Amino acid sequence: MADSKSDPDFLKEFYIPTYIFNDETKTSYVPDAPKFPVLAFINSKSGGQLGGDLLKTYKTVLNEHQVFDVGQEAPDKVLRRVYTRLEKLRQEKDEFAAKIHERLRIIVAGGDGTAGWLLGIVCDLKLPHPPPIATVPLGTGNNLPFSFGWGKKNPGTDRNSVLSFLEQVMKAKEMKIDNWHILMRMRAPKEGSCDPIAPLELPHSLHAFGRVSSTDELNMEGYHTFRGGFWNYFSMGMDAQVSYAFHSERKLHPEKFKNQLVNQSTYAKLGCTQGWFAASVFHPSSKNVSQLAKVKIMKKHGEWQDLHIPHSIRSIVCLNLPSFSGGLNPWGTPSGRKQLHRDLTPPYVDDGLLEVVGFRDAWHGLVLLAPNGHGTRLAQAHRIRFEFHKGAAYHTYMRIDGEPWKQPLPIDDDTVVVEISHLGQVNMLATQNCRSKSVHDGTSSTSHHNGEEDDSDEEDSRNEADEYRKFGAADTFRIADEVDISLLS
């Protein structure tokens, strides 16, 4: 289709006329409605200069009114305006607008943080026909694009590259993935600012965290409760600490982080300097997960039960998609015997379950590079709860969808609670190279196939109301003016 991609007949399948976006008079001749109308949201500060270049190219290929820079106008405002306009036209019996409304797709270009921003908005706006989303990899890790076959390397920004991507959007299939709600509760500080709680600096991807209303039954006197959501993973421990060091360094010296390869190299060096390849020497056991938190899980429609965390585990990952740290799959594919005796399944993205995986140190993490390698499989859960009490550590590190923060821990009899629960689903667009698997793909959960690991497994063989279930995007998906959105990656 190399020649036909430049054909006007190809581009008209994505093109949305200007009258759809404003009160401009509708022309007398209106062509057939496009089969794949798109809105493109681009973080012009992602990928160094790539985001800005990509924005310019999309505006020349499509109608500039259907291409948006997320740094100039918040996506929730755009979507509200567009869908309000489409509904008005639909009420006026405009069949062209009705078909745009029904067929609309979204392209988001940026890091995982930018993609998560759009996903959260689409979830919370509760649109009548939620548009499926395609992701352009412009960040460092690019776990979301990689999971659905869009690649993990930063793309070209020329016209042909954009046309090739649009061709993929045309051929892509829709696929549902689970959303996960996260709630965090901690005691309010006695002094200073508490929104967010000082000295806590919530990362930008936690934009959906907001103070629970005073009438919310989840409030406790003297505590503040924050909430948000994620689509890929929540992690705690050594991996989040390395990520925090990387983001801190990038914040101090942004000029050094303009290239994906340089970013990844810096990330690897920080992993070494943090001491995680000799964790037993540089990191006391008091910072191991089992010493920091009591962990409980709930299966579907079950009851809370304690989750045993091996003493040596220094990092825990709650995973929704089969891509972590730039494309690694910590869960792998359990063998038929494990699926039967431990009630484990492959990592489906729409089964309402999180895969909970542990790691001892960086060497353990390198196992993922080997064929059939995986971390310590701890559980699959519909809900998971971490309770942090006073201990030897004053803080730990947490991360959701690539965005880390330094989390203070109790210093007296207080408790910090982090609870994750299933929220619902959102539509993604996936290519034929999609790595994510659906429970509806038709494969047997207990079948043996080439590529499974054998049955040997060291440690893991031993082992709701609407107000509550809300990301907060419709009202609080706001990124402050002073925030540099280039950090959303």
Side-chain angles (χ1 to χ4, degrees), residues 178-186 217-218 220 225 227 229-230 233-237 285 287-321 324 330-360 374-391 396 398 400 407 409-410 413-424 439 445-446 455 457-465 468-469:
D178 293 323
N179 305 331
W180 295 91
H181 177 273
I182 182 168
L183 177 144
M184 182 167 64
R185 185 169 58 218
M186 66 188 78
E217 63 180 9
L218 292 170
M220 293 178 61
T225 305
R227 56 170 62 129
F230 68 92
Y233 65 87
F234 165 86
S235 69
M236 180 188 74
S285 60
K287 292 187 178 181
N288 292 4
V289 174
S290 62
Q291 300 297 307
L292 293 177
K294 182 178 182 180
V295 186
K296 295 183 178 182
I297 62 168
M298 181 186 292
K299 298 285 189 178
K300 283 188 176 180
H301 313 298
E303 297 181 352
W304 286 110
Q305 54 186 275
D306 292 335
L307 176 64
H308 170 68
I309 307 293
H311 183 74
S312 61
I313 295 298
R314 293 181 172 85
S315 184
I316 191 168
V317 182
C318 303
L319 195 68
N320 187 41
L321 303 180
F324 176 74
W331 186 256
T333 303
S335 65
R337 196 177 76 173
K338 284 193 176 64
Q339 294 182 39
L340 180 64
H341 295 292
R342 290 195 58 197
D343 191 25
L344 301 179
T345 70
Y348 299 120
V349 299
D350 56 353
D351 59 357
L353 294 173
L354 283 172
E355 283 68 49
V356 186
V357 187
F359 292 95
R360 298 186 300 274
H374 59 86
T376 298
R377 300 187 186 110
L378 299 174
Q380 287 176 300
H382 190 62
R383 298 178 72 175
I384 184 167
R385 179 184 177 97
F386 298 86
E387 296 179 359
F388 300 88
H389 300 279
K390 179 182 178 181
T396 187
M398 299 180 182
I400 63 173
Q407 175 61 47
L409 296 179
D413 294 332
D414 297 336
T415 302
V416 172
V417 174
V418 175
E419 184 174 320
I420 299 168
S421 56
H422 186 257
L423 171 68
V439 292
S445 62
T446 57
D455 285 339
D457 196 0
E458 16 59 68
E459 275 178 292
D460 71 339
S461 65
R462 302 196 297 266
N463 283 313
E464 276 152 266
Y468 172 66
R469 294 182 173 281

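In this chain, residues are counted from 1 in sequence order. This structure is a prediction, so every number in the text was calculated from the model and none was measured.
Between Arg385 and Glu419, at least one side-chain N (NZ, or NE/NH1/NH2) sits under 4.0 Å from a carboxylate O, which counts as a salt bridge. Ion pairing of Arg377 with Glu355 is absent here, as no side-chain N (NZ or NE/NH1/NH2) approaches a carboxylate O to less than 4.0 Å.
In this structure, Asp350 CG and Leu353 CG are separated by 10.5 Å, a value rounded to the nearest 0.5 Å. A distance of 6.0 Å separates CG of Leu409 from OG1 of Thr396, quoted to the nearest 0.5 Å.
When all heavy atoms are compared, the tightest approach of Ser290 to Pro310 is OG-O, 4.2 Å. When all heavy atoms are compared, the tightest approach of Asp178 to Asp351 is OD2-N, 3.2 Å. The two residues Ala379 and Leu307 come nearest to each other via the heavy atoms CB-CD1, 3.8 Å.
Residues Phe388 and Met236 meet the side-chain proximity criterion, which asks for heavy atoms closer than 4.5 Å. Here the side chains of Asn320 and Phe234 are not in contact, with every heavy-atom distance at 4.5 Å or above. In this structure, the side chains of His311 and Gln291 come closer than 4.5 Å at one or more pairs of heavy atoms. Looking only at side-chain heavy atoms (C-beta outward), Val418 and Ile182 come within less than 4.5 Å of each other. Between Ile297 and Gln305, the closest side-chain pair of non-hydrogen atoms falls below 4.5 Å. Within the 4.5 Å cutoff, the side chain of Ile313 has heavy atoms near those of the Thr376 side chain. With a 4.5 Å cut-off on side-chain heavy atoms, Ile316 and Val357 do not count as touching. Val356 has its side chain out of reach of Val317: every pair of non-hydrogen atoms, C-beta onward, lies at least 4.5 Å apart.
For the side chain to side chain contact (heavy atoms under 4.5 Å, CB included) with Cys318, the qualifying choice from Trp180, Phe386, Tyr233 is Phe386, the only one to do so. Just one of Arg185, Lys390, Glu387, His389 meets the side-chain hydrogen bond (donor to acceptor under 3.5 Å, both in side chains) condition when paired with Thr415; it is His389.
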* Asked: Can Ile420 and His181 be said to form a side chain to side chain contact (heavy atoms under 4.5 Å, CB included), step by step?
  -> CA-CA 6 Å; Ile420 299 168; His181 177 273; over 6 Å; no
* **side chain to side chain contact (heavy atoms under 4.5 Å, CB included) evaluation trace for Lys296 with Ile384** => CA-CA 6 Å; Lys296 295 183 178 182; Ile384 184 167; over 6 Å; no
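Between the side chain of His382 and the main chain of Gly352, a donor-acceptor pair closer than 3.5 Å is present. The main-chain N or O of Leu354 is never found under 3.5 Å from a side-chain atom of Trp331 such that the two would form a donor-acceptor pair.
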